[in-house]
Amino acid sequence: MRSNRSLGTCIRTNSESDRRIVEEGISIKKVTARSSSKAFRIGAILIALLALTLIVASFLGSERLPLFDLNAQQQSIFYDIRLPRILLGGCVGASLAIAGAGLQSLLRNPLAEPYLLGVSNGAALGTMLAFVFFDRFEFSRPVMAFAGAGIASVAVYQMAKSRTGMNVERLVLSGVIVTTFLSSILVFLTTLLDMAKVRSFTFWLLGDLSQATRGGFYLSFAAVVVTTAILTWQARALNLMMIGEQDAFDFGVEVNRVRLLVFGAASLVVGAAVAASGSVGYVGLIVPHLVRMTVGTDNRLVVPFSAIAGAIFVVLADTIARTAIAPRELPVGAVTALIGAPMFIYLLRRG
Amino acid sequence: MDSAKTRLAILCASALLLLAVVGSSCRSNEIGSPKPVEMRQVTDDLGRTVMLPVKITRAVSLAPNLTENIFAVGAGDRLVGVTTFCNYPAEAKSIQKVGDTISPNLETIVAIKPDVVLVSTASQIEAFKNILEQNGIAVYVTNPDSIEGMLANLQQLGDLFGTRDKADELVSRLQQRISNVQKGVAGSDKPKVFIQIEKEPLFTVGKQSFITVVVEKAGSESVTSNIETPYPKLSKETASTLNPDAIILSVSDDNLEANEVFKNSPAVKKGRVFNVDVDLLSRPGPRLVDALEQIARDLHPDKFGER
C-alpha cells in the first residue's frame, strides 16, 4: 500500500513534513524489499506483454504478409520496412519514458517530462539545424539533437533554480517558457527558410517513424541501454533526491554529480529519440506515472519498468498509425497524444 | 469684311473659351471628388457576387498560378501586388510583395489600393474579406484545380481584365497542344507510374489531385490513383508492392531521387525516373501543359521522337 504512493505526495517544501517523508523514504526500501516477489511478477508480465505487442505489431501492416515462405519482396517489406520501424518505435518509447522517470525523480516534479520541459523541442531545433545545414554528415542529426536537448535542459534548470532551491511552479513555468520560445524559433526558421526541406520537416516534427532504418534503430537502442543502465545505477540516489536535495546531500549523495548524470543521460536518450522520430508527446508523462501506480516509487524498478512499458505504448500507437487509414499513414505523435491526453486527465482525477 | 473677321475672331475665341471651360471643369472634377467608376457585377468561383470596375487597373494576386495566368492573358502590367511565391514570369519578381498565400499582409494590400484581390483559396477569405471590402477593395475567389479549370480560369481572367481575345487565342493554342499529346500517346501501352511529391516522409498524389489527371493524360496509369486523399503520406510497405514502370519526381530540394523502397522496382532498375519542375507540375497555369508534354515525351520517347 505504502509503496503505491504517487510521486506527487513527495513534493513538499515544508521542512517538518520533509523530515517525515525522509523517514518514509527509508521505509520505501524495506517495503520494496518485502514486495520484491511482486515486483518480479510485474516485471515478468511486462516483458511478456512487450513480446506479445512486438509479435502482434509484426503481423499488422498496410500489406498482409503470409506466415511462411515470404518472397523477396515480402521479405524486404518485413525486414527493411516493418521490423526496423517496430523496433525503433520500441526504442523511442523506452527513451522518452525513462527520460520522464529520471527527470520526475530528479526535479521532484510529476510534470517533468521531456516535451513539457523543453528538452524535446531543444532536440527538435538541433535536428532541424542539422537537417537544413549539415545534411551531408550522417550523424549530424543525433549529435545536434543531443546538443539541443542538453542546452534546453540546462537552461530550464538554471531558470528554475533560485536561492531557496528548486520550486515546482518555477520549474513548470521555465519549462513552458523554454518550450514556447524554442517552438517560436522553429516556426521562425520554417517561415524564413521557406525550403521544401523545411516543409517535410514540419510533418516529421509531429512524430513520424516512417523513416526508420536499421542504423537508426541501433543508435537508439544503444542510447536506451546506456541510459537505463545509468539511471538504474543512480536509482538509490534518485530515490533520496525525490525527498529533497538537501536531505539527499545529508545522506551522502553527491547531488551535483547525480544531477549532471541524469540530465546528461536524459538529453542523450531524448536526443536520439527525437533525431529518429520527431516529437512524440505524452509518453514521458503518463508511462512513469502508470508504472509508479503499479510498483511504487522505487527508481530501481520504475526506470527499467518504464522502459518496457514505454516501448509497449509507442509500438501499439505506431501500429495504429500504420494501419488505421492504410495505405495512408497518421503521424505517431497524434496517436500518442490522442491516447495520452485523456489518460493523463484520468490519472489526475484519480489523484 | 472687317466685321466678318471680327465676328470670326469672336467665334473662335468663344469656342476656345468653351473648350477651356469644359476641359478645366473636367480636370477639376477629376481632382476634386473621384469620377464615379463604371462598375459591374460578377460571380466568383464560390458563387459570391462581387462588384468590380469595368476596367480593372490595379490588381493583387495571392497565388503563384493566378499571377502566371494574369500575365498569360496579357494583364500582367495591371498587377500591383503578388506573393513571395510568385517567381514566374520574370517580371512578376519585381512587383511589390504582399506576403505569401497563407499569410498575406493586409496593411500592405490596403496601402496599395487595388481594385480587386484575386484569391485562390477559400480557407482564409472570411478572415480578410471584411477588412478589404471596408476599404473598397473587392475580393474575387478563383481556384482552378484541373487542366479544364485552368483553361476556364484563363478565359475568366480575360473577361475580368478585358483581354478575352488574347485569352481565347491562348486557350485554343493550349488545347491544340493538349490534343497533340493525346493523339501522340493514343493506342500506346500505358506504363504504371508512381508520382513522388516528397521523398521522406513519402508523399504522393491520389485520386482527387489534378496532378494524377495530368500524368495519366500523358499516356500512363498512376499506381496511386485509387487513394482518396489528394496528397497522401503513403505507407512504405504499400509503396514497395507497387512496382511502377516509371517514377515521376516533382523536383524540389528534398525530392531529388526515388525513395529507397523503389530500389527493386522496374522504374529504378531501368533508369526510368524522370524529373519535372515542381512549379510546372503543381501550379494550374499554362505551364501545366509544358509539364504534360514533357512527361509524355519522357514516358513515350518513340512517339515524340521528332522533338
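In the text below, chain A, chain B and the rest are named by the order of the sequence lines, each starting its count at 1.
At a threshold of 4.5 Å between non-hydrogen side-chain atoms, the residues B:L202 and A:S210 do not count as touching. In this structure, the side chains of A:Q73 and B:N264 stay at 4.5 Å or more apart for every pair of heavy atoms.
More than 12 heavy atoms of other residues, nucleotides or ligands lie within 6.0 Å of NZ in B:K263, so this atom counts as buried by the packing criterion. Heavy-atom neighbours of B:K190 NZ from other residues, nucleotides or ligands within 6.0 Å: at or below the threshold of 12. B:E260 CD: 12 or fewer foreign heavy atoms inside a 6.0 Å radius. Heavy atoms of other residues, nucleotides or ligands lying less than 6.0 angstrom from CZ of A:F78 number more than 12. Annotation: B:Y140, atom OH; neighbour count of heavy atoms from other residues, nucleotides and ligands within 6.0 Å is above 12. For B:E107, the CD atom sits in a loose shell: 12 or fewer heavy atoms of surrounding residues, nucleotides or ligands are nearer than 6.0 Å. For A:F221, the CZ atom counts as loosely surrounded, since its 6.0 Å shell holds 12 or fewer non-hydrogen atoms of other residues, nucleotides or ligands. Heavy atoms of other residues, nucleotides or ligands lying less than 6.0 angstrom from CG of B:N105 number more than 12.
The only member of B:L242, B:I227, B:T241 that meets side-chain contact (heavy atoms from CB on, under 4.5 Å) when paired with A:P327 is B:I227.
Between the B:E237 side chain and the A:S62 main chain, a donor and an acceptor come within less than 3.5 Å of each other.
Interface remark: B:V278 contributes no atoms to any contact with chain A (heavy atom separation under 4.5 Å). Only the side chain of B:N243 has a heavy atom closer than 4.5 Å to any heavy atom of chain A. Residue B:L234 touches chain A through both its backbone and its side chain, counting heavy-atom pairs closer than 4.5 Å. With a 4.5 Å cut-off on non-hydrogen atoms, A:R82 touches chain B through its backbone and its side chain both.
Nearest heavy atom pair, residue A:R328 against residue B:P232, reads CG-CB, 3.5 Å. For B:S235 against A:E329, the heavy-atom pair with the smallest separation is CA-OE2, 3.3 Å.
The distance from atom OG1 of A:T213 to atom CD of B:E200, rounded to the nearest 0.5 Å, is 9.5 Å. Between atom CZ of residue A:R322 and atom OG1 of residue B:T238 there is a gap of 11.0 Å, rounded to the nearest 0.5 Å. A distance of 8.5 Å separates CG of A:L330 from NZ of B:K233, quoted to the nearest 0.5 Å.
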